[in-house]
Novice: 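I have a structure I would like to understand better, so I am pasting it below and will then ask my questions one at a time.
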Amino acid sequence: MKETQFGVVIANVLSVATRGVGLFLWYFLRLIYRGEPKVIAGFVGVGLAIVLLIWLIVR
């Protein structure tokens, strides 16, 4: 197969997305099974950051 610039970009994007999904699932399962305050605070903080970012973009 011939390597193209588009293929390289797609592979990198999918690699980053897969790592992000994996980290999310790991922390989510840790939140469910352990309920540690640091993990709960992290989820709340990230959730608020996402809501704030969406609000700033839509506004």
Novice: CD1 of I57 to CG of L52: how many Å apart, nearest 0.5 Å?
Specialist: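 That separation rounds to 10.0 Å.
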
Novice: Grouping I, L, V, M, F, W and Y whenever their side-chain heavy atoms are under 4.5 Å apart, do I40 and V46 come out in a common cluster?
Specialist: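 No, because I40 and V46 fall into different hydrophobic clusters, even though each may have its own neighbours under 4.5 Å.
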
Novice: Do F28 and V21 land in one hydrophobic cluster if side-chain heavy atoms of ILVMFWY residues count as linked below 4.5 Å?
Specialist: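 Yes; V21 is reachable from F28 via cluster members.
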
Novice: Hey, any chance W26 and V39 share a hydrophobic cluster, counting ILVMFWY side chains that come within less than 4.5 Å of each other, even indirectly?
Specialist: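 Result: yes, single cluster for both.
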
Novice: Identify whether the distance between the nearest side-chain nitrogen and carboxylate oxygen of E36 and K38 falls below 4.0 Å.
Specialist: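 No salt bridge links E36 with K38.
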
Novice: With clusters defined by side-chain heavy atoms of hydrophobic residues (ILVMFWY) lying less than 4.5 Å apart, directly or transitively, does L14 cluster with F6?
Specialist: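 F6 clusters together with L14.
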
Novice: At what distance, to the nearest 0.5 angstrom, does CD1 of I32 lie from OH of Y27?
Specialist: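 Spacing of CD1 (I32) from OH (Y27) equals 15.0 Å.
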
Novice: Minimum heavy-atom separation for F43 and L31, please, with both atom names.
Specialist: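 Between these two residues, the closest heavy atoms are CD1-CD2, 4.0 Å.
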
